[in-house]
Amino acid sequence: NRDHRRSNETTSTLALRHSSSSTLCGPTVVPPPDQRTVLIATMEYDISDWAIKIKIGGLGVMAQLMGQSLEHQNLIWVVPCVGGIEYPIDEPADSMEIMIMGKPYQIQVQYHVLCNITYVLLDAPMFRERSKADPYPARMDDMESAIYYSAWNQCIAEAIRRFQPDLYHINDYHGALAPVYLLPETI
């Protein structure tokens with residue numbers, strides 16, 4: 001039993017959203033409160049009711065299949081907003097404050113619920129510099145990509161703190177350092 005789970009008010013809101021998207025999700029089912037919560041974080045993603053697809057190569061397809069196949073799980077899907085895409089405003093949330101090399105960064109956050117998935121959309125200039133076709137930094141060995149991946153992993157860690165998932169599914173190395181930002185706590 002986790003005390004940090006969503007409140008009953010949030011669960012009710014979730015049920016209303018399930019009802020409003022029942023044509024996409026099938027029959028309305030309110031997930032039981034003891035249902036496992038899994039957090040995933042990918043730079044490739046598909047938000048079907050908003051018709052937003054970002055690259056969707058191998059990693060994105062795996063995450064998309066998780067969303068479609070794990071309807072018996074609560075999924076928290078952390079994704080960055082990229083440039084050139086108009087994202088609807090759904091449920092604004094508290095921003096995330098992160099530090100990189102002593103410099104503070106503010107990441108805007110909103111939530112969007114579709115079926116059993118709660119998308120955590122991260123919006124900041126460093127993420128908006130990426131595009132729909134190229135969501136990853138061009139290089140992996142320079143300061144710009146180090147800052148990007150530090151921000152990405154710190155945001156994932158903050159999402160883990162907020163949602164207290166039962167499991168963090170590390171889809172690839174891009175999000176592998178998030179647990180380090182949780183220390184000394186663990187998932």
Side-chain angles (χ1 to χ4, degrees), residues 2-14 16-17 37-47 49-50 52-55 60 63 67 74-114 116-132 134-137 143-171 174-187:
R2 293 183 180 252
D3 296 330
H4 299 29
R5 288 289 164 100
R6 293 172 181 250
S7 67
N8 288 337
E9 179 181 344
T10 305
T11 303
S12 298
T13 303
L14 195 68
L16 289 173
R17 296 220 174 140
T37 298
V38 177
L39 188 137
I40 60 175
T42 63
M43 288 173 246
E44 297 182 41
Y45 54 93
D46 172 27
I47 304 176
D49 62 329
W50 286 356
I52 295 175
K53 285 189 178 193
I54 307 303
K55 191 173 181 186
N74 292 318
L75 294 181
I76 310 300
W77 193 346
V78 182
V79 298
C81 294
V82 299
I85 302 288
E86 290 293 326
Y87 292 85
I89 301 298
D90 192 349
E91 184 182 331
D94 291 339
S95 62
M96 295 180 180
E97 302 284 335
I98 61 171
M99 293 288 284
I100 301 172
M101 298 186 320
K103 184 178 176 187
Y105 290 83
Q106 185 175 60
I107 312 296
Q108 299 301 312
V109 179
Q110 72 161 316
Y111 302 140
H112 174 61
V113 176
L114 175 63
N116 63 314
I117 303 170
T118 299
Y119 293 94
V120 179
L121 292 103
L122 308 174
D123 201 348
M126 73 177 71
F127 297 139
R128 290 285 186 162
E129 289 174 1
R130 312 295 344 130
S131 70
K132 175 180 178 174
D134 193 16
Y136 302 99
M143 189 57 69
E144 181 181 340
S145 62
I147 290 170
Y148 182 94
Y149 286 115
S150 177
W152 176 241
N153 280 273
Q154 287 184 64
C155 288
I156 296 167
E158 180 58 28
I160 291 169
R161 280 188 199 95
R162 290 182 184 192
F163 288 91
Q164 297 289 306
D166 298 300
L167 176 71
Y168 168 42
H169 175 82
I170 301 173
N171 207 32
H174 307 109
L177 286 177
V180 171
Y181 289 104
L182 294 171
L183 291 175
E185 297 173 32
T186 61
I187 299 173

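None of the values given here were measured: they were computed from a predicted structure.
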* Does the side chain of V113 reach to within under 4.5 Å of the side chain of T118, using non-hydrogen atoms? -> yes
* To do: Find the distance between CE (M126) and OG (S150) and round it off to the nearest 0.5 Å.
  => 8.5 Å
* Asked: Donor-acceptor pair, N153 side chain versus L177 backbone, under 3.5 Å?
  -> yes
* Would you mind reporting whether L39 and H169 have side-chain heavy atoms less than 4.5 Å apart? => no
* Is D166 reaching over with its side chain to a backbone N or O of T37, donor-acceptor style, under 3.5 angstrom? -> yes
* To do: Report the distance from atom CD1 of I156 to atom CZ of R161, rounding to the nearest 0.5 Å.
  => 12.0 Å
* Asked: How far does CZ of R130 sit from SG of C81, to the nearest 0.5 angstrom?
  -> 14.5 Å
* L75 CG to I117 CD1 distance, which is reported to the nearest 0.5 Å -> 5.5 Å
* Output the distance between atom CD (Q154) and atom CG (L182), rounded to the nearest 0.5 Å. => 10.5 Å
* Is Q110 reaching over with its side chain to a backbone N or O of D90, donor-acceptor style, under 3.5 angstrom? -> yes
* To do: For the pair F163 and V120, evaluate side chain to side chain contact (heavy atoms under 4.5 Å, CB included) and give the outcome as yes or no after the intermediate values.
  => CA-CA 10 Å; F163 288 91; V120 179; 3.7 Å; yes
* Distance, nearest 0.5 Å, that separates OH of Y87 from CD1 of I47 -> 6.5 Å
* To do: Could you tell me which residues satisfy side-chain contact (heavy atoms from CB on, under 4.5 Å) with E129, sequence neighbours excluded, listed by chain and number?
  => E144
* Is there side-chain contact between P135 and F127, with at least one heavy-atom pair below 4.5 Å? -> no
* Evaluate the side-chain proximity of Y45 to I52: yes if any heavy-atom separation is below 4.5 Å, no if none is. => yes
* To do: Would you confirm whether R128, through its side chain, and V82, through its main-chain N or O, come within 3.5 Å as a donor-acceptor pair?
  => yes
* Polar side chain donor-acceptor pair, Q106 to S95, under 3.5 angstrom -> yes
* Asked: Do Y119 and V78 have side-chain heavy atoms sitting under 4.5 Å apart?
  -> no
* **Residue pair D49 / H112, side-chain heavy-atom distance below 4.5 Å** => yes
* To do: Measure centre to centre between the rings of Y148 and Y136, then say whether the value is under 6.0 Å.
  => no
* **Residue pairs fulfilling salt bridge (charged side-chain N to carboxylate O under 4.0 Å, His left out) with at least one residue in residues 94-103, sequence neighbours excluded** => none
* **Contacts of type side-chain contact (heavy atoms from CB on, under 4.5 Å), residue A93, not counting sequence neighbours** => V109, Y111, R162
* Asked: So, do I76 and P165 sit near enough that their side-chain heavy atoms are less than 4.5 Å apart?
  -> no
* Does the separation of the ring centres of W152 and H174 fall below 6.0 angstrom? -> no
* Run the side chain to side chain contact (heavy atoms under 4.5 Å, CB included) check on L122 and M96 step by step: do they pass? -> CA-CA 9 Å; L122 308 174; M96 295 180 180; 4.0 Å; yes
* Which pair of non-hydrogen atoms, one from C155 and one from I107, has the smallest distance, and what is that distance? -> SG-CG1, 3.6 Å
* Taking all heavy atoms of Y181 and all of A157, pick out the closest pair and write down the distance. => CB-CB, 3.6 Å
* Does a side-chain heavy-atom distance below 4.5 Å link D134 with K55? -> no
